[in-house]
Protein chains: 2
Amino acid sequence: MNNLVQIKRLQRYRMALLRLKNMGLKKTFSHSLSEETGVSPVLIRKDFSQFGIRGKRRGGYDIDSLLDELKLLFGREKEQNVVLVGLGNIGAALVKYEGYRQSNMNMVAVFDIDPVKRTRRYSVPVYSLESLREVVNAFDVSVAILAVPEFSAQETAHYLVENGISGILNFAPVLLKLPGHVLVNNINIMIELERLMYHIGVRTKPI
Amino acid sequence: MNNLVQIKRLQRYRMALLRLKNMGLKKTFSHSLSEETGVSPVLIRKDFSQFGIRGKRRGGYDIDSLLDELKLLFGREKEQNVVLVGLGNIGAALVKYEGYRQSNMNMVAVFDIDPVKRTRRYSVPVYSLESLREVVNAFDVSVAILAVPEFSAQETAHYLVENGISGILNFAPVLLKLPGHVLVNNINIMIELERLMYHIGVRTKPI
DNA sequence: TAGATTGTTAATCGATTAACAATC
DNA sequence: TAGATTGTTAATCGATTAACAATC
């Protein structure tokens with residue numbers, strides 16, 4: 001099993017389960033989850049089975065316990081701290097975003113080189129990058145959101161890694177070159193739009 | 001070949017090529033591109049070959065022509081229009097974002113149900129959702145960015161599809177249920193962070 | 001020419017599915 | 001019990017890699 005792909009599927013199952021729970025359902029079956037997620041029923045059962053999640057032979061899966069097991073699997077019982085670097089358009093939107101609490105995450109600090117931006121008042125303190133190491137140590141941070149301009153992304157990412165960060169959610173539209181032990185997830189809006197357009201185009205293209 | 005995965009790789013090659021071009025290089029080789037992207041040299045050559053992109057047996061690939069061919073492949077020579085729906089935190093950041101032009105995309109309109117938000121002045125006009133169909137027809141829009149709150153995402157997405165949208169870049173943290181012909185790309189910040197944390201956690205977990 | 005690199009065909013590997021046994 | 005569903009083992013399928021031929 002390609003673990004990366006499998007983990008993505010597990011996250012997808014969880015989103016579907018939240019939806020079903022929200023609709024007031026208590027239990028579900030591999031075929032219902034399949035309908036919600038587009039993943040085949042066998043594969044769903046196999047994924048669950050491989051992570052030690054068991055259903056009832058005839059009664060399907062209990063939604064609440066499924067969600068609990070997934071939460072456990074993703075280590076979401078204990079709160080995890082993140083930092084944000086860069087207070088531009090996207091950075092500002094990300095500080096104001098309210099969803100962290102709900103996912104048991106906590107944004108403990110924001111960093112920006114611009115002193116003017118550091119005077120802005122958010123629910124999260126804004127520091128100069130010089131304080132990064134201190135914050136990383138104090139709050140045991142291993143993951144950072146990188147939302148700086150393209151031209152400084154590589155340099156800043158490198159600085160983050162030097163100061164103890166080992167996972168980066170990168171919003172800058174560049175391929176970061178970092179030591180092999182560092183994990184990077186890229187969010188690139190243009191690339192996502194482009195891929196949508198490509199697939200739509202191909203589909204509607206005359207033979 | 002899983003076309004979805006292959007297309008993602010091609011986009012990745014392009015990002016690497018832009019970096020190399022930026023560094024002043026004129027040509028490259030499958031092994032250099034491999035170093036930049038983490039994809040094996042054979043697979044890179046195979047990908048190019050399958051899309052009819054040819055190198056020189058001994059001289060590698062010309063970066064500019066490679067970029068041209070990829071641009072052509074992704075249909076990026078002709079401008080494509082998109083709309084944005086939802087002017088919340090993320091929506092506001094996305095209107096202000098400057099990268100569309102560069103990718104030969106054009107945001108032609110923003111939609112929000114809140115009349116107060118419609119008075120805000122951006123470089124893009126803000127309308128009520130009632131005008132959606134008109135804009136879609138006038139500007140031949142097939143892709144929309146959805147940045148509305150979670151509770152209204154499903155309903156709004158459905159409305160978009162009813163009015164001619166067939167590709168959605170979804171920022172709302174929900175699994176959208178839409179007709180099979182509609183393509184959805186999800187951008188979910190919490191899920192990305194969570195996956196980073198999972199992989200870091202697994203890696204550092206004691207045996 | 002020798003060496004380096006592309007491009008392709010065959011082999012391998014891993015992920016998904018089919019078949020079916022287990023059981024509630 | 002019969003029927004429905006899970007969970008697993010074996011088969012298939014597709015994607016990646018290995019091997020190598022082509023050629024600049």
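Quick caveat: nothing in here was measured; it's all calculated off a predicted structure. In what follows, every chain begins at residue 1, and chains take the letters A, B, ... in the order their sequences are listed.
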Taking the six-membered ring for Trp, are the ring centroids of B:Tyr97 and B:Tyr100 within less than 6.0 Å of each other?
-> yes

Could you tell me which nucleotide pairs with D:dC20 by Watson-Crick or G-U wobble geometry, both distances under 3.5 Å, or answer none if nothing does?
-> C:dG7

Have a look at B:Tyr61 and say if it touches a base, only the backbone sugar-phosphate, or nothing, with a 4.0 Å heavy-atom cut-off.
-> sugar-phosphate

Please report, rounded to the nearest Å, how far the C1' atom of C:dT17 is from the CG atom of A:Asp47.
-> 13 Å

So what does B:Gly59 touch, heavy atoms closer than 4.0 Å: a base, only the sugar-phosphate, or nothing?
-> nothing

Starting at atom CZ of A:Arg54, determine the distance to atom P of C:dA22, rounded to an integer number of angstrom.
-> 15 Å

Can you tell which of D:dA4, C:dG3, D:dG7 lies closest to the side chain of A:Arg58?
-> D:dA4

Check: A:Lys46 side chain, C:dT17 base, donor-acceptor under 3.5 Å = yes

Closest to the 5' end of DNA chain C, once A:Val42 and B:Arg45 are matched to their nearest nucleotides, is B:Arg45

When the distance from CD of A:Gln6 to C1' of C:dT16 is rounded to whole Å, what number comes out?
-> 12 Å

The answer to which of A:Arg57 and A:Ser40 contacts DNA chain C further toward the 5' end, by nearest nucleotide, is A:Ser40

A:Asp62/A:Lys26 salt bridge by N-O under 4.0 Å criterion = no

Give the rounded distance in Å between these two atoms: CD1 of B:Ile53 and P of C:dT5.
-> 20 Å

Should B:Ser30 be listed as having a side-chain N or O under 4.0 Å from OP1 or OP2 of C:dT5?
-> no

Is the A:Phe48 ring parallel, tilted or perpendicular to the A:Tyr13 ring (thresholds 30°, 60°)?
-> perpendicular

Does the ring centre of A:Tyr61 sit less than 6.0 Å away from the ring centre of A:Phe29?
-> no

Over how many whole Å does the gap from A:Leu43 atom CG to D:dT6 atom P extend?
-> 14 Å

Is the shortest side-chain N/O distance from A:Ser49 to OP1 or OP2 of D:dT6 below 4.0 Å?
-> no

Starting at atom CG of B:Leu4, determine the distance to atom P of C:dT16, rounded to an integer number of angstrom.
-> 13 Å

To the nearest angstrom, how far is A:His31 atom NE2 from D:dT6 atom C1'?
-> 11 Å

When rounded to whole Å, the CD to P distance for the pair A:Gln50 and D:dT9 reads 11 Å

What do you reckon, is CG of B:Leu18 surrounded by more than 12 foreign heavy atoms closer than 6.0 Å?
-> yes

